[in-house]
Colleague: 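The structure under discussion is supplied below as structure tokens; questions concerning it will follow.
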Amino acid sequence: MSDKKHQNEQSQTDVAASTESGGVNRRRFVQGAAGLGLTASAFGGMFSDYIGGISPALSADFDPKKYAGTKINMLVVGSENIDHAFRDQLPQLEEETGISVEVTSPAIGPLIQKTVQLLQSERSGFELVQYLGFLAPQVVGSGGFTKLNAFLDDPGETAADWDFGDFIQAAVNNVGIYDVEAGKRGQGSDVYAVPSGPGGSGIYFYRKDLFEDAGLQPAKTWEEFHEAAKALTTDDVAGASFIGANNFSLALIDWYTRFITSGGVLMSGHPADKNFMPQVDTPEGIHALQLLIDLLPYAPKNVTQYGFAENVDGFATGKIAQMIFWSTIAGPVFDPENSLVADVAATGPVPAAPGQTPRSVIGGWGIGIPQNADPDKKAAAWRVLTWLTSKRSEHHQVDKYQITVQRSSTFENSDLLSKFPYLTDSREAIATARTMPIAHVTEFLQLLDIMNVEFNAALVGTQDAPTATAKVQSGWEDILRKAGHLA
């Protein structure tokens with residue numbers, strides 16, 4: 001991508017990539033430090049009064065059992081293991097805080113529907129709700145969640161060692177920071193959610209034993225990825241795989257990664273200026289989809305029905321040679337108890353066209369407190385939220401399920417790094433990841449649905465790549481015009 005095109009996308013559509021300047025308080029200080037890759041340990045005792053959002057001298061104000069006897073209802077996504085990780089820890093949470101928690105965990109589709117419904121009701125039946133960062137304009141921008149700054153800055157409500165500055169700044173911007181008045185994600189100083197749940201970006205997973213046996217190096221370009229797929233395909237192993245179903249991540253992780261690493265710029269203009277124009281039906285858009293179509297002869301037979309589970313299970317059982325995948329979704333392929341290829345699995349940056357930077361999309365979940373939750377339970381809900389997003393809680397989530405990496409300290413943990421080497425590539429991927437520009441408008445899901453339907457149809461063979469991208473282009477323009485984002 002040329003510097004001019006890159007700057008255009010950055011300045012006009014990827015508003016989440018930076019934060020506005022504002023007054024400096026303890027919380028803002030550690031947020032900025034995290035953005036520079038600095039954690040509490042990096043400062044030693046020099047700025048100890050600021051790390052973690054409160055002064056250690058005031059930590060005696062924090063009473064772990066202040067809200068003992070309260071029951072909190074929590075809505076989180078199922079099928080991505082974060083619900084299991086939370087449930088594992090609930091007995092210890094109740095022992096330490098006296099708060100009982102009931103977790104409800106529908107699949108992603110029903111979760112989104114339920115979230116929208118409860119935020120529109122008079123009183124939310126859940127005090128804690130998990131939502132995708134992609135949906136922040138819809139659920140946060142509409143005023144659906146409680147601003148958390150007062151809790152963050154109160155030493156009586158936030159444990160001294162929780163350390164908000166330890167969260168990766170890109171993750172905080174993606175799910176938690178929002179200027180509701182301006183309608184801008186990742187800007188300002190208002191916090192509405194805390195990163196929690198599978199997050200991160202896409203990286204390259206491959207079988208190093210198969211590559212070595214074939215005398216191949218891990219792919220650096222999409223041409224090399226294709227040639228490796230062709231060379232490694234056997235009766236027992238698919239040379240490559242991808243999300244081929246009409247699935248949330250067909251467009252997000254597979255097409256968009258190939259698109260932006262082939263020089264594509266998804267949107268021009270800005271919604272507020274009514275010139276938010278898609279650039280799907282372009283040479284780069286067609287090429288990215290064709291790259292997937294061209295892999296079909298070397299992919300699993302039913303790849304057009306493959307989602308998360310099929311790819312992770314296929315790789316873990318030795319049936320897939322390489323794939324691009326969410327780093328903290330496919331992490332379990334390194335678990336020797338559940339993966340037949342744990343000792344020969346490897347990761348690296350995603351391939352890219354010559355002259356392009358390897359990068360993918362940023363994704364992730366946040367947990368917040370609905371604005372219409374019971375006011376008498378909000379402080380207890382914050383207590384649960386911080387407990388379940390603590391350093392030790394995230395350590396458990398990564399160690400047992402290989403899912404959640406939202407903190408810098410987790411990436412620096414030597415024990416976890418030795419067990420799960422993908423963490424190094426995962427961290428580097430987050431540093432270069434991009435927000436999908438359509439995630440800045442509330443019509444995100446409508447736009448994504450159109451893309452996934454048409455791209456899946458192309459993979460199934462009912463239309464070619466140019467036809468699919470033209471239909472997406474037309475459908476997106478219609479939606480954006482009706483929404484007032486495109487004149």
Side-chain angles (χ1 to χ4, degrees), residues 107-109 112-113 134 202 222-223 225-227 229-230 233 235 237-264 266-267 277-315 319-326 351 353 360-361 436-438 443-482:
I108 183 171
I112 292 172
Q113 294 175 356
F134 296 114
W222 294 114
E223 182 179 357
F225 187 90
H226 179 86
E227 291 305 313
K230 184 177 180 179
T233 297
D235 291 340
V237 179
S241 191
F242 52 89
I243 301 284
N246 177 7
N247 177 281
F248 200 76
S249 288
L250 167 56
L252 280 175
I253 199 68
D254 275 301
W255 178 82
Y256 189 61
T257 298
R258 288 166 172 81
F259 176 74
I260 60 174
T261 55
S262 297
L266 186 58
M267 307 296 295
M277 176 62 73
Q279 300 183 67
V280 179
D281 191 20
T282 58
E284 295 86 358
I286 296 169
H287 174 68
L289 181 54
Q290 191 63 49
L291 286 174
L292 293 173
I293 295 171
D294 291 344
L295 284 176
L296 289 172
Y298 318 112
K301 181 179 179 180
N302 297 318
V303 72
T304 56
Q305 301 172 34
Y306 270 35
F308 284 172
E310 293 82 3
N311 277 290
V312 175
D313 291 347
F315 195 101
K319 298 176 182 178
I320 295 172
Q322 56 177 350
M323 62 184 183
I324 308 303
F325 224 77
W326 295 107
S360 188
V361 65
M436 197 173 191
I438 59 171
E443 296 76 23
F444 170 77
L445 285 179
Q446 292 176 264
L447 299 171
L448 201 65
D449 283 346
I450 291 174
M451 180 170 274
N452 288 324
V453 167
E454 300 301 340
F455 285 2
N456 175 255
L459 292 170
V460 171
T462 59
Q463 61 187 6
D464 60 16
T467 301
T469 55
K471 287 182 177 180
V472 174
Q473 179 78 24
S474 176
W476 280 23
E477 288 185 25
D478 285 345
I479 290 174
L480 294 169
R481 285 194 177 96
K482 289 177 182 177

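Bear in mind that the values here come from a model prediction, so they are computed numbers and not experimental data. Only this structure's heavy atoms are used, side chains among them; waters, hydrogens and symmetry mates stay out.
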Colleague: Verify the distance criterion only: is there a donor paired with an acceptor across the side chains of E310 and Q305 at less than 3.5 Å?
Modeller: no

Colleague: Identify the heavy atoms of E454 and A468 that sit nearest to each other, and give their distance.
Modeller: O-CB, 3.6 Å

Colleague: Which of parallel (below 30°), tilted (30 to 60°) and perpendicular (above 60°) describes F455 and W255?
Modeller: tilted

Colleague: Whether the side chain of T462 engages the backbone of A457 through a donor-acceptor N/O pair (distance < 3.5 Å, no angle test) should be reported.
Modeller: yes

Colleague: Specify the closest pair of heavy atoms between S360 and I253, including all atoms of both residues, with the distance to one decimal.
Modeller: OG-CD1, 3.6 Å

Colleague: Do the non-hydrogen side-chain atoms of Y256 and P437 ever get within less than 4.5 Å of each other?
Modeller: yes

Colleague: If you look at every heavy atom in F225 and L295, which pair is closest and at what distance?
Modeller: CE2-CD1, 3.6 Å

Colleague: Under 3.5 Å, side chain of Q473 to main-chain N/O of P278, donor-acceptor pair present?
Modeller: yes

Colleague: Considering all heavy atoms of both residues, which atom of G239 and which atom of Q322 are nearest to each other, and what is their separation?
Modeller: O-CG, 3.0 Å

Colleague: Which of these passes side-chain hydrogen bond (donor to acceptor under 3.5 Å, both in side chains) with T469: D281, D464, T282?
Modeller: D281

Colleague: What verdict does the side chain to side chain contact (heavy atoms under 4.5 Å, CB included) test give for V361 and W326, after you've listed the backbone C-alpha separation in whole Å, the side-chain angles of each residue and the deciding distance to 0.1 Å?
Modeller: CA-CA 9 Å; V361 65; W326 295 107; 3.5 Å; yes

Colleague: Are any of the side-chain nitrogens in R258 or D254 under 4.0 Å away from the carboxylate oxygens of its partner?
Modeller: yes

Colleague: Are M267 and W476 close enough that some pair of their side-chain heavy atoms sits under 4.5 Å apart?
Modeller: yes

